[in-house]
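Proteins come first, then strands; the chains are lettered A, B, ... in the order of their sequence lines, and each starts at number 1. In this text, all values refer to a predicted model and were calculated from it rather than measured experimentally.
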Amino acid sequence: MSLSVKHLLGIRDLQRQDIELIFQTADQFKEVLQRPIKKVPTLRDTTIVNLFFENSTRTRISFELAEKRLGADTINFSASGSSVSKGETLIDTVNNILSMKVDVVVMRHSASGAPHFLSRHIQVPILNAGDGINEHPTQALLDAFSIREKLGSVEGKKVAICGDIMHSRVALSNIYCLKKLGAEVTVVGPPTLIPKHIAAALGVNVSYNIREALQWCDVANVLRIQLERQNTPLFSSLREYSLAYGVNRQLLDSLNKEILIMHPGPINRGVELNSDVADSGQSIILDQVENGVAVRMAALYLLAGKKQDLQ
Amino acid sequence: MKTILNGKQLAITIDRLCHQLIENHLQFENTVLIGLQPRGIYLGDRIYETLKKLLPGTAIHYGKLDITFYRDDYNKGKTLHVPSETNINFSIENKKVVLIDDVLYTGRTIRSALDAMLDFGRPASVELLALIDRRFSRQLPIQPDYTGRTIDALISQKVRVLWEQRDGKDEVILVD
């Protein structure tokens with residue numbers, strides 16, 4: 001069995017069987033990560049380059065750890081301090097790196113569609129680690145994997161994606177992934193942070209009331225407010241946003257039901273999520289981080305195995 | 001298609017293999033059994049159940065090991081191997097390990113299994129039990145310590161081991 005795609009550019013391109021294959025493989029990698037020796041020699045003949053044109057901490061570390069646990073050789077590239085700052089083009093940068101016999105590219109870029117553009121010019125598998133406000137496929141996979149782990153399955157579950165939907169690649173990938181797996185999705189946030197036609201385009205429910213959305217859902221995936229992507233302010237102040245849409249203990253206690261709390265990180269504590277929720281037993285944020293390594297190992301394993309087909 | 005072992009012969013063979021294991025390992029205090037995924041576990045299950053009947057009250061450790069991530073051909077074929085479950089919830093450190101697989105052919109699976117097993121600890125010794133030994137087909141210097149049946153088969157032929165719980169009947173067949 002193999003993935004139906006040559007690159008993992010987004011969840012939109014995947015079929016449900018692909019997602020289930022990734023989960024099935026990640027289950028076994030999760031077992032590997034519980035062993036005293038957490039490393040397997042599977043990708044020992046593979047060199048992977050992590051091209052990070054945009055800042056990242058957890059995703060880059062998670063990928064690097066996944067690659068090392070698979071026995072691959074890794075090269076880390078960050079745009080700052082590289083020839084990109086001298087005006088080198090993306091294709092030139094990548095072609096130079098690939099000339100050094102790299103087998104897989106993991107790429108993060110601030111421009112939406114950058115990995116798609118690259119996939120038309122290079123022959124090795126590309127794994128999108130986040131492109132602009134488009135997609136972040138491995139984050140969506142690890143989120144759905146974490147829901148499946150905690151609730152037994154994703155099918156039929158109600159998931160509220162809360163906050164800055166407009167600027168979130170995590171939200172878009174999550175919507176694709178959850179819908180493909182049979183979950184019901186509601187996006188909730190201020191009207192200025194929810195794209196106008198999202199309900200018709202993606203088949204999700206829209207709510208502007210956080211209490212109603214939390215009362216409805218089994219899982220709340222709370223997103224970071226991405227102030228760096230807002231050219232003009234889309235709400236009056238962080239304090240006002242926190243009061244209207246922040247998830248806090250008082251709000252959760254008033255629901256009379258237990259829901260799972262997720263967050264892709266990094267958290268703006270006290271803004272979209274309060275510490276008394278983020279650090280509570282309801283929160284599976286650290287499970288998400290742990291599962292991220294297993295899911296990325298699975299994605300790399302399945303994509304690196306496709307390299308023979310590409311050559 | 002030719003039958004190598006019918007259901008009755010398979011039961012007798014498994015019984016004999018269990019007695020051979022008991023002869024060498026007595027009460028299994030320092031011995032653990034590990035069935036190799038995906039197909040060796042059916043034989044492993046059968047051996048484990050038979051040993052429990054033959055040695056009532058004896059604690060026998062039995063685990064399952066998947067070797068997918070240790071294969072030397074993981075991306076050489078048309079499709080990737082999908083991993084199966086590994087479940088070894090005991091220590092193999094300084095234990096006598098008996099690896100169990102249904103068919104021993106090139107020896108590459110066992111090579112991978114040895115690698116995978118060593119990530120769980122350093123055993124005192126390792127033995128190999130195979131239901132069918134396709135001799136003269138080895139690509140690595142690996143031989144079984146316990147053999148159900150030794151056969152000579154052409155490279156073009158396949159040995160299929162059928163199990164009651166999976167295939168509806170117990171039988172070992174040679175397919176052209």
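Ranked by heavy-atom pairs shorter than 4.5 Å toward chain B, the options A/Leu70, A/Leu3, A/Asp27, A/Leu302 are led by A/Leu302.
Other residues, nucleotides and ligands contribute at most 12 non-hydrogen atoms within 6.0 Å of the CZ atom of B/Arg39. Residue B/Lys96 places its NZ atom among 12 or fewer non-hydrogen atoms of other residues, nucleotides or ligands, all under 6.0 Å distant. The neighbour count for B/Arg122 CZ, taken as heavy atoms of other residues, nucleotides or ligands under 6.0 Å away, does not exceed 12. A 6.0 Å sphere centred on CZ of B/Arg111 holds more than 12 heavy atoms belonging to other residues, nucleotides or ligands.
In this structure, chain B has a heavy atom under 4.5 Å from the side chain of A/Leu21, while its backbone stays farther away. Contact of A/Lys38 with chain B is not made at all, since no heavy-atom distance falls under 4.5 Å.
When all heavy atoms are compared, the tightest approach of B/Leu80 to A/Gly305 is CD2-CA, 3.8 Å. Contact detail for A/Gln28 and B/Ser84: the closest heavy-atom pair is OE1-O, 3.1 Å. The minimum heavy-atom distance between B/Asp119 and A/Lys39, with the atom names listed, is OD2-O, 3.3 Å.
Ring orientation note: the planes of B/Phe69 and A/Tyr301 are nearly perpendicular, at an angle over 60° on the 30°/60° scale.
In this structure, A/Arg35 CZ and B/Thr86 OG1 are separated by 5.0 Å, a value rounded to the nearest 0.5 Å.
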